[in-house]
**Q** 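My structure is below; once you've seen it, I'll send some questions.
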Amino acid sequence: MANVNTKKGVIGILTGGGDVPGLNPAIRAVTIRAIREGYEVVGLRRGWAGLVEMVREKDYDNSDNFQMLSEELVNRMGRTGGTFLHTARTNPSKVKKAAVPSHLKDAYKSELNDLTPEVLKNLAWLGVEYLIPIGGDDTLSYAVRMHKEGVRVVAIPKTMDNDVPGTDYCIGFSTCVTRTISMANSLRTSAGSHERFLVLEVFGRYAGFTAMLPTMAGAANRCVIPEHKFDIERLAELMASDRRKNSSHYSVVLVSEGATFQGGEMVFEGETTDAFGHKKLGGIGDLVSDKLKELSPKYNSGKTVEVVNQKLGYLVRCGDPDAIDSIVPMAYGNLAFDLLLGKVHGRLVVLNNGRYGNIPIDAVVASKKVVNVKEHYNIERLRPHYTSFDTKPLFIMTSD
């Protein structure tokens, strides 16, 4: 029944959710080890979507849904950013009627459909015995479902928000922080030339790590994060004070996309939701910019301070991985394969306190990982704080 030639076994690998640098190095690590140990690797395209849309017919063109991986291919792609397997936010357990593939529409007619039975059949048809999904909490929450359905799963954490529970590090985070620092420092020249406030909106739906670390590293004077609803008056006061103290007459704030005003709610681009129920965030940076300009005369001797407003967005998730996002994915890929080689599954590979390891995959859905405000964020000064770096992990505040 399988559609591929089986050696020792077949390993399926997929990438889901947002793209980040480091995905291709992880795919490369798994594939090279697996092939050299006598396994075949099938790349499942567009996250879980490939497993939903696959047609179980020998002569059907499934090239949009899966491809066999080779050392030559992954060596070529492993040095690049993004994911050559492509990605999607498909949730097979909640497929809207309009999104059900045409060949399945007769069998699935509800407004919301659970296509997990088809996913399981497609894995069996491919001969996939082991599955390595790479993704954030949404992608991996369905990996937990696969584990419960009896699929041999070992997962790899990926998200530049760094908010997958149970691990200090997720693929993509270091490059995001590196780019944020670099771009903030570059944009200082414009903010300083015009003596303005600089407002930079960064990713971070529920966790503010991508705003906190660059601010702690000196990229910004202040940051506002999802974990604490902030007082815009206080932010305006602090930004004006920072600007006065700066000989170049500018100040910088990093704004997490999930940050909210006191008494307010998250700001969304629209009302539509993805397959995991999330609305697309965007716009809080614009609102903060408008309010800072409006309030600035109150804290600047009656004079308005103009604002340089920039949404960093995809600029911090595109392009090549930095050193950490080249090394950690290589280690994660090998860790995942080693577990499968030892017939261990239902695990998430992790990095904790500088040591690689693994934990039960159920940890992904057992809790939420966010900034510990009491320990790491000064709600009066709207910036990170610390008492000592002694024995702290590499990224200071990302440990559970």
Side-chain angles (χ1 to χ4, degrees), residues 160-161 176-264 266-267 281-300 303-313 315-316 371 373 376-386 397:
M160 60 188 177
D161 290 356
C176 175
V177 171
T178 299
R179 299 263 172 79
T180 300
I181 293 171
S182 175
M183 290 176 188
N185 289 340
S186 293
L187 286 164
R188 287 173 182 274
T189 61
S190 292
S193 295
H194 296 277
E195 302 177 280
R196 297 181 178 180
F197 294 146
L198 174 58
V199 177
L200 302 177
E201 183 181 319
V202 298
F203 283 115
R205 176 181 290 271
Y206 299 117
F209 299 115
T210 55
M212 290 280 282
L213 263 294
T215 303
M216 181 174 278
N221 303 95
R222 311 290 163 179
C223 65
V224 290
I225 60 176
E227 293 87 344
H228 173 73
K229 292 194 174 188
F230 67 98
D231 181 351
I232 187 63
E233 287 266 3
R234 178 59 177 159
L235 178 61
E237 180 184 10
L238 290 168
M239 290 287 286
S241 175
D242 294 334
R243 180 176 174 273
R244 280 194 305 273
K245 294 173 183 176
N246 186 339
S247 59
S248 292
H249 300 148
Y250 73 91
S251 54
V252 185
V253 60
L254 294 183
V255 181
S256 296
E257 63 178 347
T260 57
F261 296 121
Q262 281 184 358
M266 284 185 177
V267 179
L281 286 167
I284 185 63
D286 296 334
L287 294 181
V288 168
S289 297
D290 291 344
K291 292 299 291 184
L292 286 178
K293 180 178 178 180
E294 176 188 323
L295 292 168
S296 61
K298 182 176 179 180
Y299 303 103
N300 189 47
K303 297 179 181 179
T304 297
V305 179
E306 298 291 336
V307 179
V308 175
N309 172 22
Q310 184 68 52
K311 184 176 181 178
L312 297 186
L315 292 170
V316 301
V371 171
V373 171
H376 296 297
Y377 187 68
N378 189 317
I379 61 174
E380 176 63 23
R381 298 181 64 212
L382 300 181
R383 59 169 292 109
H385 77 104
Y386 61 91
M397 62 191 69

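Side chains included, hydrogens not; waters and symmetry mates left out as well; all remaining heavy atoms used.
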**Q** With salt bridge (Lys or Arg N to Asp or Glu O under 4.0 Å) as the rule and sequence neighbours excluded, what pairs involving residues 176-194 come up?
**A**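 Residue pairs with at least one partner in residues 176-194: there are none.
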
**Q** Distance from Met397 atom CE to Met216 atom CE, nearest 0.5 Å?
**A**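 Taking CE in Met397 and CE in Met216, the distance rounds to 3.5 Å.
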
**Q** Kindly say whether Val252 contributes a backbone atom to a donor-acceptor pair with the side chain of Asn221 at under 3.5 angstrom?
**A**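 Yes, because the side chain of Asn221 sits within donor-acceptor range (under 3.5 Å) of the backbone of Val252.
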
**Q** Flag the pair Phe261 / Val288 as yes when at least one side-chain heavy-atom distance between them is below 4.5 Å, and no otherwise.
**A**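 They are in side-chain contact.
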
**Q** Can you pull the salt bridge (Lys or Arg N to Asp or Glu O under 4.0 Å) pairs that have at least one residue in residues 235-256, sequence neighbours excluded?
**A**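 Output for this query lists Arg222-Asp242, Arg234-Glu237.
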
**Q** Once side-chain hydrogen bond (donor to acceptor under 3.5 Å, both in side chains) is applied, do any residues pair with Glu306, and if so which ones, sequence neighbours excluded?
**A**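 Partners of Glu306 under the side-chain hydrogen bond (donor to acceptor under 3.5 Å, both in side chains) test: Lys293.
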
**Q** Can you sort out the partners of Glu227 under side-chain contact (heavy atoms from CB on, under 4.5 Å), two or more places apart, ordered by chain and number?
**A**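 Glu227 satisfies side-chain contact (heavy atoms from CB on, under 4.5 Å) with Ala207, Ile225, Val370, Val371, Val373 only.
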
**Q** Between Thr215 and Ala211, is there a donor-acceptor pair closer than 3.5 Å when you use the side chain of the first and the backbone of the second?
**A**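 Such a contact is found between Thr215 side chain and Ala211 backbone.
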
**Q** Could you grab the distance from atom CZ of Arg383 to atom CG of Leu238, nearest 0.5 Å is fine?
**A**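 If we round to the nearest 0.5 Å, Arg383:CZ and Leu238:CG are 10.0 Å apart.
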
**Q** Please report whether the ring centroid of Tyr250 lies less than 6.0 Å from that of Phe197.
**A**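 They do not qualify: ring centres at least 6.0 Å apart.
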
**Q** What residues form a side-chain hydrogen bond (donor to acceptor under 3.5 Å, both in side chains) with Lys229, not counting sequence neighbours?
**A**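 Expected list: none.
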
**Q** For His249, enumerate each residue passing the side-chain hydrogen bond (donor to acceptor under 3.5 Å, both in side chains) test, keeping only those at least two apart in sequence or located in another chain.
**A**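 Once residues adjacent in sequence are excluded, the partners of His249 under the side-chain hydrogen bond (donor to acceptor under 3.5 Å, both in side chains) criterion are Glu195.
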
**Q** Taking Glu257 first and then Lys311, would you say they form a salt bridge - that is, a charged N and a carboxylate O separated by under 4.0 Å?
**A**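 Result for this pair is no, no salt bridge flagged.
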
**Q** State, yes or no, whether a side-chain contact exists between Val255 and Val199 at a heavy-atom distance under 4.5 Å.
**A**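 Heavy-atom side-chain distance check passes, below 4.5 Å.
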
**Q** Less than 4.5 Å apart, any side-chain heavy atom of Cys223 and any of Met212?
**A**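 Yes, their side chains come closer than 4.5 Å.
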
**Q** With rounding to the nearest 0.5 angstrom, report the CE to CG distance, Met239 to Leu292.
**A**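 Going from CE on Met239 over to CG on Leu292, the span is 5.5 Å.
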
**Q** For residues Gln310 and Leu200, determine if any side-chain heavy atom of one lies less than 4.5 Å from a side-chain heavy atom of the other.
**A**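 They are in contact (side-chain heavy atoms under 4.5 Å apart), so the answer is yes.
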
**Q** Side-chain contact, heavy-atom cut-off 4.5 Å: Cys176 with Phe203?
**A**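 Cys176 vs Phe203: side chains apart.
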
**Q** Do the non-hydrogen side-chain atoms of Tyr386 and Asn378 ever get within less than 4.5 Å of each other?
**A**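 When only atoms from C-beta onward are counted, Asn378 and Tyr386 do not touch, as no gap falls below 4.5 Å.
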
